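Take a look at the structure below.
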Amino acid sequence: MKNAFTPVLAALLALSSALAPGHALAQATTAVDGIVAVVDEDVILRSELDRAVNNITAQYANTPEQLPPRDVLERQVLDRLVLARIQLTRARDSGIRVSDGELAQAIETVASRNRMTQDQLRQRLAADGLSYEEFRASLRDELLIERLRQRYVQSRVQVSEAEIDQLLAVREIGGPEVRLANIVVALPEGASPDEVALAQKKARDIKSVIERGELDFRAAAIRYSDAQNALEGGEIGWRALDAIPPAFVGLIQQMQPGQISEPVRGPSGYQLIQLVETREQGRQTLTEYNAQGIMIRVTPTLPAEAARQKAEDLYARIQAGEDFGKLARENSDDTLSRNDGGDMGWFQVNAWGTAVGSQLSALQDGQVSRPFQSDAGWHIIKRLGVREQDVTEQNRRNQAREIIAQRKAEEEFERFLRQLRSEAYVESRLPAP
């Protein structure tokens, strides 16, 4: 059951009740609850850290060997909690809010993604030792952090057509996609030659452990990686080659699925990269329809029954041989198509609404629908044609735009987080490793 859980709920279960300040304070049952970190004017309590760590160890109950030693895991989780706490403080100070209605919708989304009703979700949370209120508070915090990110990068990330042209000129967009994972051995800024050599040796030793079969890549990432995705087994996910830093593209293109790279020096330290699997993107098409339409709008002066009767009369005249376009110009209330004889152009099936789309799908070319009702009024539709439109190039440009925007957003927000972290007072009270 746990292994079937989607990452959305699993991640929330891992850090629930540990993000928002005051959660543990409100629920502590012991007289004294030790402080494991001070973050500005706030604190993270031992009970909060224990709760978050225990949630993670519960997820790996069947494979505990994949987790690092308890002290290493605690430091990984505490780093996440500190950064989350800093972001939450900034979000609230910036006036970002999540309404109860928005929170309820998000909970419904989490439940549906996990194929559960909300009652089943409550039961699952209780089985994992988490109260529903803790879960709501944690989900609200996740939404606050995501909105902080959106607000910060939205005004700072713009993509020009020239940038898209430049990317398309030097990279293959819409080609193969690769699923990657990584293990990072971090280096401090201004690392000494000895530190660099030690990090490189550690990366090679980790690779040797994997090659000897003592740990698989996922378990090694959880145990040894210094990256934020360590607890996800180093999972990066699917990426087009053009979404990967150019320094790594040539390396990955030479690898086979399952293969692990030699240690590669990157901006944050040494990386081991695993090519998990690959897939191809083919030619992409889109079905479009061409149609004429007549709409009779329901108004206070023309109620629904009168509008229906007018549509029926026009339908009878069309069936008797009168020109559809002429009747549309004289009678349709759709100002977008009326002057063109009801010509709606080429469009995707539901572009004019699902009521129109369902009628259109049932018609043959040249056939006229009987009058039908939508929220806008009564309609008659004549299907003129259907085509498969090649949207590969359009999608390539959209992909290029998203790649550039995502890269810029990640860079901007990473800088923002480093700035937040450097400006915050953080004191860890965990024992030194």
Side-chain angles (χ1 to χ4, degrees), residues 154 158-165 167-169 173-175 281-405:
Q154 190 170 26
Q158 295 182 353
V159 180
S160 68
E161 293 299 315
E163 288 177 301
I164 295 173
D165 292 337
L167 180 59
L168 291 174
I173 304 289
Q281 289 189 52
R283 178 173 169 267
Q284 297 159 339
T285 61
L286 191 67
T287 302
E288 294 183 328
Y289 294 87
N290 184 214
Q292 287 175 287
I294 296 173
M295 181 181 74
I296 308 302
R297 192 180 302 278
V298 176
T299 67
T301 58
L302 190 69
E305 179 56 30
R308 184 196 67 79
Q309 187 57 56
K310 182 177 181 180
E312 291 285 358
D313 293 343
L314 289 170
Y315 176 74
R317 292 169 65 181
I318 293 167
Q319 293 299 101
E322 291 195 47
D323 180 66
F324 192 106
K326 180 174 181 294
L327 291 177
R329 277 188 288 270
E330 294 172 350
N331 298 278
S332 181
D333 293 323
D334 181 8
T335 56
L336 293 176
S337 65
R338 180 178 58 205
N339 293 337
D340 295 323
D343 191 345
M344 302 161 69
W346 288 97
F347 55 92
Q348 295 180 48
V349 64
N350 290 325
W352 292 74
T354 55
V356 171
S358 62
Q359 292 287 329
L360 200 60
S361 301
L363 296 174
Q364 299 296 319
D365 289 354
Q367 192 174 2
V368 178
S369 73
R370 291 197 61 85
F372 63 93
Q373 191 174 18
S374 77
D375 293 338
W378 283 85
H379 304 262
I380 306 170
I381 297 293
K382 180 178 181 179
R383 178 167 142 176
L384 302 178
V386 61
R387 70 183 183 189
E388 291 295 316
Q389 186 75 351
D390 189 338
V391 293
T392 306
E393 180 60 25
Q394 176 184 336
N395 286 348
R396 286 179 70 240
R397 294 192 69 82
N398 289 338
Q399 281 182 266
R401 187 186 310 277
E402 291 174 8
I403 289 166
I404 298 168

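Predicted model only: the values in this text are computed from it and were never measured. Each residue takes its place number in the sequence, starting with 1. Only heavy atoms go into these numbers, but all of them, side chains included; no hydrogens, no water, no symmetry mates.
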Closest non-hydrogen atom pair, [X] against [Y]:
{"X": "Gly342", "Y": "Ala328", "value": "N-CB, 3.7 Å"}
{"X": "Val298", "Y": "Pro303", "value": "CG1-C, 4.0 Å"}
{"X": "Met295", "Y": "Ala376", "value": "SD-CB, 3.8 Å"}
{"X": "Trp346", "Y": "Glu288", "value": "CZ3-O, 3.6 Å"}
{"X": "Ala304", "Y": "Trp378", "value": "O-NE1, 3.5 Å"}
{"X": "Pro371", "Y": "Ala311", "value": "CG-O, 3.6 Å"}

Is it true that, when you exclude Gln158 itself, more than 12 heavy atoms of the residues, nucleotides or ligands shown sit nearer than 6.0 Å to its CD?
no
Would Thr299 and Asp333 satisfy side chain to side chain contact (heavy atoms under 4.5 Å, CB included), going step by step from the backbone distance to the final call?
CA-CA 11 Å; Thr299 67; Asp333 293 323; over 6 Å; no
About how many Å separate [atom2] of [Y] and [atom1] of [X], when rounded to the nearest 0.5 Å?
{"X": "Ile164", "Y": "Gln399", "atom1": "CD1", "atom2": "CD", "result": "11.5 Å"}
{"X": "Phe324", "Y": "Ile294", "atom1": "CZ", "atom2": "CD1", "result": "4.0 Å"}
{"X": "Phe347", "Y": "Leu286", "atom1": "CZ", "atom2": "CG", "result": "12.0 Å"}
{"X": "Met344", "Y": "Ile381", "atom1": "CE", "atom2": "CD1", "result": "4.0 Å"}
{"X": "Arg396", "Y": "Ile403", "atom1": "CZ", "atom2": "CD1", "result": "10.0 Å"}
{"X": "Leu167", "Y": "Ile404", "atom1": "CG", "atom2": "CD1", "result": "4.5 Å"}

Derivation of the side chain to side chain contact (heavy atoms under 4.5 Å, CB included) call for Asp343 and Asn290
CA-CA 8 Å; Asp343 191 345; Asn290 184 214; 3.5 Å; yes
So, using salt bridge (Lys or Arg N to Asp or Glu O under 4.0 Å) as the criterion, who are the partners of [X] when residues are at least two apart?
{"X": "Arg317", "answer": "Glu322"}
{"X": "Arg338", "answer": "none"}
{"X": "Glu305", "answer": "Arg308"}

Between Leu327 and Ile380, is any pair of side-chain heavy atoms under 4.5 Å apart?
no
Pairs touching residues 363-375 that satisfy side chain to side chain donor-acceptor pair (under 3.5 Å), sequence neighbours left out
Glu312-Arg370, Asp365-Arg383, Ser374-His379
Does any donor atom in the side chain of Asp313 or Gln309 lie under 3.5 Å from an acceptor atom in the other side chain?
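Looking only at side-chain atoms, Gln309 and Asp313 do form a donor-acceptor pair, the distance falling under 3.5 Å.
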Throw together a table of side-chain donor-acceptor distances under 3.5 angstrom for residues 348-362, partners on residues two or more places apart or in other chains.
residue	atom	partner	partner atom	Å
Ser358	OG	Thr354	O	3.2
Ser358	OG	Ala355	O	3.0
Ser361	OG	Gly357	O	3.0

SB check Arg401 Glu161 (cutoff 4.0 Å)
yes
Can Arg297 and Asp334 be counted as an ion pair, charged N to O under 4.0 angstrom?
no
With sequence neighbours left out, what residues match Asn331 under side-chain hydrogen bond (donor to acceptor under 3.5 Å, both in side chains)?
none
